[in-house]
Structures are given as structure tokens and as C-alpha cells.
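Chain A is the first sequence line, chain B the second, and so forth, proteins listed ahead of strands; every chain is numbered from 1.
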Protein chains: 2
Amino acid sequence: MLIIIMIRCIRRDKSLNYQNYQVNKNTPVPLYYQFKNIILKELNSSQPDDALPPEEVFCNMFGISRSTVRQAILELVNEGYLYRIKSKGTFVARPKIKSDLIDLYSGYNIEIQGLNMTPALKVINMEFISPDRNIAQKLQIENTETARVLSILRYQYADTQIMAHIQSYLKSPLCDFVTEEKLNTCPLYQVLGQNDSTKIKRIERTIETCYANPSEVKLMNMDKGGLVNLCANIGFTAKNEPIWYEILKYRGDKVKYTIEINLD
Amino acid sequence: MLIIIMIRCIRRDKSLNYQNYQVNKNTPVPLYYQFKNIILKELNSSQPDDALPPEEVFCNMFGISRSTVRQAILELVNEGYLYRIKSKGTFVARPKIKSDLIDLYSGYNIEIQGLNMTPALKVINMEFISPDRNIAQKLQIENTETARVLSILRYQYADTQIMAHIQSYLKSPLCDFVTEEKLNTCPLYQVLGQNDSTKIKRIERTIETCYANPSEVKLMNMDKGGLVNLCANIGFTAKNEPIWYEILKYRGDKVKYTIEINLD
DNA sequence: AAGTGGTCTAGACCACTAC
DNA sequence: TAGTGGTCTAGACCACTTC
């Protein structure tokens with residue numbers, strides 16, 4: 001008596017789902033980019049380790065070439081959405097853990113304890129200054145005498161309490177377009193991202209722990225001898241040119257933060 | 001009287017340098033990879049913002065196709081060695097600042113103050129345990145009752161002084177091949193990198209500052225009420241599966257560390 | 001008008017995996 | 001043996017920059 005049950009037939013063929021989409025060859029939007037977004041949408045209804053259709057199937061399905069398919073898929077692999085095993089296939093990666101308050105670019109990606117507090121960032125002072133030796137070294141400025149940097153002091157609040165003290169230095173005249181008005185509407189990294197030549201591509205960050213000094217204790221309304229986490233960021237452009245140096249001091253007792261590190 | 005000096009002729013044509021190299025089409029080493037290494041070598045004798053020869057010149061020079069040239073160059077752009085401007089060309093980026101003691105993978109990438117001390121990492125204890133709720137959550141373990149994790153306690157020394165206290169948890173049985181012997185010869189990330197399925201692709205890191213508790217004060221021989229930096233790492237594979245959870249406590253008074261963050 | 005990088009096609013051969 | 005991703009070729013058209 002034949003009782004083999006065709007379990008494989010019950011499994012949904014994932015490749016069918018993609019037939020609800022198509023690419024438009026008459027827009028300026030690149031084909032690989034359209035196709036990439038199609039995969040991203042479909043990932044929402046996928047499970048980790050689900051197999052994607054092989055490259056050739058995608059080629060036929062959308063009428064695009066294998067290179068175009070590969071460009072989209074390889075970018076998604078780089079971004080952690082998919083993984084590939086040679087001779088086996090392309091598979092869905094587990095979703096990333098996302099922390100709510102992470103903001104890798106901004107330099108003030110702190111997680112404020114207690115969910116009911118409203119974070120706010122306020123510009124306290126902005127002025128052009130001559131860089132001291134430390135700033136000049138960090139920003140790789142050679143002509144210290146004539147060079148100027150834009151100095152920005154900001155406070156990070158949670159409700160009315162000051163949680164952090166942020167001192168930034170931006171290379172001038174490259175970053176002169178940064179104004180207080182712009183900083184009040186969007187984060188510094190976004191303002192810098194408005195120009196290709198000032199877009200931040202990489203950050204080097206140093207972290208140290210120290211005791212707060214008396215003025216910081218007073219400013220942040222902390223207990224005497226309170227902890228301060230000192231975080232120094234240097235932001236680099238695509239040219240690997242440092243244009244942004246930032247020193248962040250935040251209350252060690254109330255603040256922690258999360259970083260995502262991608263390895264190659 | 002004609003006194004225009006042809007300054008442009010004095011500039012060395014960089015493309016000539018590349019003619020000292022060639023690729024070998026009869027090795028199993030991919031052409032794009034050979035070509036990439038040729039560029040990397042040539043970068044040593046280049047200045048930031050120097051222009052590279054255009055893609056087509058490379059094609060003719062090495063007898064390889066444009067896609068192969070592009071694959072090499074685009075990887076170098078991703079790695080921060082080059083930058084490209086559309087319609088203008090490919091240029092040398094400024095060299096990255098490299099800190100000596102950075103070790104992104106290892107989780108104990110600390111910079112020990114005072115250069116004359118010898119760092120050492122020692123395994124104190126290794127055993128299989130049942131994960132508690134926190135560990136299970138971090139490693140996305142569902143079946144808490146039957147699951148096991150490999151618990152590893154290590155101390156980081158500078159000379160004879162303990163600088164950090166490192167507690168790691170590895171998913172079992174995937175990571176059972178990690179032995180004390182292997183940990184004594186190379187860093188944990190390298191041991192995990194020996195298998196494709198346990199290779200770490202991404203790390204999520206949380207940093208907090210706190211006071212040392214009495215046993216830590218004693219262990220690390222610190223002043224009472226000493227600062228401890230608490231650093232929690234979760235390591236993910238290409239599948240985005242968390243397999244490595246590590247809690248690092250290090251002396252806030254003696255240790256700082258540096259992180260490199262790449263943005264997309 | 002010439003040069004450059006961005007996108008895209010239609011093929012090809014290979015090594016490795018699974019059956 | 002068939003299927004898969006990895007590598008590679010030889011073209012093509014485009015938008016944008018520079019002259």
C-alpha cells in the first residue's frame with residue numbers, strides 16, 4: 001500500500017510570491033535598486049533560513065540579467081539581510097536586533113533610562129575658534145595659525161535634566177554651511193550629509209571612564225564624585241578626511257549606549 | 001617671448017607605475033583579487049587625492065575586462081582605501097588612523113595605559129551550563145530547559161595586574177569545538193572563524209559605567225569605589241544568528257578603548 | 001566633443017553540493 | 001548529473017564633468 005505523503009508539495013513555493021512584482025525599465029530608478037526593494041519587501045513575510053530562488057530564476061522572472069540580480073543580492077548580503085552558501089543557495093538571515101535609540105551617526109546615541117522622559121538636544125554656543133594642538137591633530141590640520149574650526153557646544157536633555165555635554169569641532173570653511181537653525185531641525189550627521197564632500201563615512205571612537213569634575217557635577221546635578229563616560233568621536237568623509245571631532249561627556253549613572261560593529 | 005612652463009609634464013604619470021605588475025591567468029587566485037593587491041601595493045607610494053588611471057586603462061594594461069577591474073576597485077572603496085566621484089575619477093583616500101591595540105573581533109580590545117606592560121589573557125574556567133533567562137534571550141535560545149551553553153571565564157592581565165574580567169557564553173553544540181588549548185594560542189574570534197558557520201560577521205555592543213562591587217575591587221586590586229566599564233557584546237554569524245555573548249568588566253581607571261564604525 | 005564612472009546585457013566556464 | 005554561486009568576457013548606452 002502506497003502511503004508516502006508528498007510533504008514537499010505542501011511547502012509553499014516562495015518563488016511564486018515574487019510574481020506579484022515587476023520592474024519598470026522606463027524609470028531613471030536603476031533596475032538593481034528596484035529589484036533590491038522587491039526582495040526587501042518579500043523578506044517581511046519570510047522566515048530565517050528560507051531559501052531564495054536561484055539567480056537564474058530571478059533573471060527569467062523579471063527579464064533582467066544575472067549581473068543585475070547579483071548586484072542587488074550582494075548588497076543585501078553586505079547589509080546583513082541575506083547570506084549565501086556556495087553551491088547551495090541564498091538564504092534569509094535572522095533579523096537584526098534593533099535598539100530604539102541607536103543613532104550611530106549623531107555621536108549622541110545614548111539610551112536614556114526610563115522610557116517616559118523626553119529627549120532634547122539644545123545648542124548652547126557656536127563660534128569660530130583657532131584650533132588648539134589636540135583639535136588640530138585630530139582633524140589633521142597642518143596650518144594651525146591661520147586655520148579656523150567651528151566650535152559647537154550642545155547639551156542633551158531628558159526632560160529638564162542634562163544628561164550629556166557635547167562639544168563638537170567642525171573643519172572650516174568646509175563645514176561653514178552648518179547653522180544653528182539646521183542643527184535644531186535635524187542631527188549633525190544629517191546636516192553634514194547634505195553635501196557629498198562632508199558626508200560622514202566612518203567614525204573612530206574612543207571611550208574612557210572618569211569622575212566628573214565639580215562644574216560637571218553641578219551642571220548635571222549629580223552626586224559628588226559621579227561617574228562620567230567620556231566618548232571622543234572623529235568623523236571621516238569618503239576621502240578619509242577627518243572633518244568632525246566631538247567630545248561627549250555623559251552621566252555614567254543614567255546613560256548607556258549601544259553600538260553595532262560590522263566586520264569584513 | 002614664450003615663457004609658459006609646462007608644469008603638467010613634470011608630474012609623474014601614475015599609470016606608468018602599474019606597468020611593473022601583471023596578473024597571472026593560470027592560477028586559481030581570482031583575477032580581481034590579484035589586481036586588488038596590485039592597487040594596494042601601489043597605494044603605499046601614493047598621496048591622498050591622487051587620481052588612479054580610469055577603468056579602461058586598467059583593462060588594457062592588464063588584459064582584463066571592465067567588470068573585473070570594477071569588482072576590485074569597488075571593494076577597495078568599501079574598505080576605505082579609495083573614493084570615486086562620478087564623471088571625474090577614482091582617487092586615493094587619506095590613510096586610516098590605526099590604533100595599535102585595537103582588536104575589533106576579540107571583545108577585549110583594550111588599550112592598556114603605560115606601554116611597558118605585557119598583556120596576557122588567561123582562561124580561568126570553562127564549563128557547560130544551562131543558560132539563564134538573560135543569556136537565553138541574548139543568544140535567542142528558545143528551549144531553555146534542554147539547551148546548553150559553553151561558559152568561559154578569562155582574565156586580562158597587564159603584567160601581573162588584572163585589567164579585565166571577561167565572561168563569555170557560546171552556543172552549544174555549534175561552538176563545542178572551542179577548547180582551552182585553542183584559546184591559549186589565538187583569540188576567540190579567530191577560533192570561531194575556523195568554521196564558516198561560526199564566523200562572526202557583526203557585533204552588537206552595549207557600554208555602561210558602574211562602580212566596582214567589593215569582589216571586583218579585591219580581584220583587580222583597585223581603590224574602593226573604583227570605576228568599572230561594563231561592555232556587553234553579542235556576536236552574530238552571517239546568518240545573523242547570535243552565537244557569542246560576552247560580558248567584559250574592565251578597570252575604568254587604567255583602560256580605554258577605541259572602536260571603528262563604518263557607515264553605509 | 002571627449003572622458004569618466006554607473007548601469008545593463010548575454011553569454012561563458014568553473015568548483016562545489018546534492019542526489 | 002543537475003543545480004548553484006563565483007568568476008570573467010566583450011560589448012552597450014547613459015548622465016555628468018571638463019574642455
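Where B:Ser67 and B:Pro54 each meet DNA chain C at their nearest nucleotide, the meeting point lying more 5' is that of B:Pro54.
Rounded to a whole Å, the CZ atom of A:Phe58 is 17 Å from the P atom of D:dG3. Rounded to whole angstrom, the span from the CZ atom of B:Arg70 across to the P atom of D:dG11 amounts to 18 Å. Note: CG (A:Leu74) to C1' (D:dT7) measures 12 Å, nearest angstrom. At whole-Å resolution of the value, CD in A:Glu55 and P in C:dA10 are 16 Å apart. Rounded to an integer number of Å, the gap from B:Lys86 NZ to D:dC14 C1' is 9 Å. As a whole-Å value, the separation of B:Asn26 CG from C:dC13 P is 17 Å. Atom P of nucleotide C:dA2 and atom CD of B:Glu56 are separated by 14 Å, given to the nearest angstrom. A straight line from NZ of A:Lys25 to P of D:dC14 spans 15 Å, rounded to a whole angstrom.
For B:Asp196 and A:Tyr83, the side-chain atoms include no donor-acceptor pair closer than 3.5 Å.
At a threshold of 4.0 angstrom between heavy atoms, the contacts of B:Gln71 are confined to the sugar-phosphate backbone, with no base atom among them.
The shortest distance between the side-chain N/O atoms of A:Ser87 and the OP1/OP2 oxygens of C:dA18 is not below 4.0 Å. Phosphate proximity of D:dG6 to A:Arg84: present, with a side-chain N or O under 4.0 Å from OP1 or OP2. For the OP1/OP2 pair of C:dG5 and a distance below 4.0 Å, the side-chain nitrogens and oxygens of B:Arg66 include no atom meeting the criterion. Contact check, B:Thr68 against D:dT9: a side-chain N or O comes under 4.0 Å of OP1 or OP2. Residue B:Lys36 places no side-chain N or O under 4.0 Å from the OP1 or OP2 atom of D:dT7. For D:dA15, the OP1/OP2 oxygens have no side-chain nitrogen or oxygen of B:Lys88 closer than 4.0 Å. The shortest distance between the side-chain N/O atoms of B:Tyr32 and the OP1/OP2 oxygens of D:dT7 is below 4.0 Å.
Using a cut-off of 4.0 Å between Lys/Arg side-chain N and Asp/Glu carboxylate O, B:Glu56 and B:Arg66 are scored as not salt-bridged. For the pair A:Glu127 and A:Arg148, the salt-bridge criterion is not met [side-chain N within less than 4.0 Å of a carboxylate O].
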request  = Report the C-alpha distance between B:Ser172 and B:Asp176 in whole Å, list the side-chain angles of each, state the deciding distance to 0.1 Å, and finish with yes or no for side-chain hydrogen bond (donor to acceptor under 3.5 Å, both in side chains).
outcome  = CA-CA 6 Å; B:Ser172 178; B:Asp176 287 1; 2.8 Å; yes

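Here C:dC8 is the nucleotide among C:dC13, C:dA15, C:dC8 with the atom lying nearest to any side-chain atom of A:Ser65. Picking from D:dT9, C:dT17, D:dG5 the nucleotide with the shortest atom distance to the side chain of B:Ile64 gives D:dT9.
Remark: B:Ile234 CD1 to B:Leu139 CG distance equals 7.5 Å, nearest 0.5 Å.
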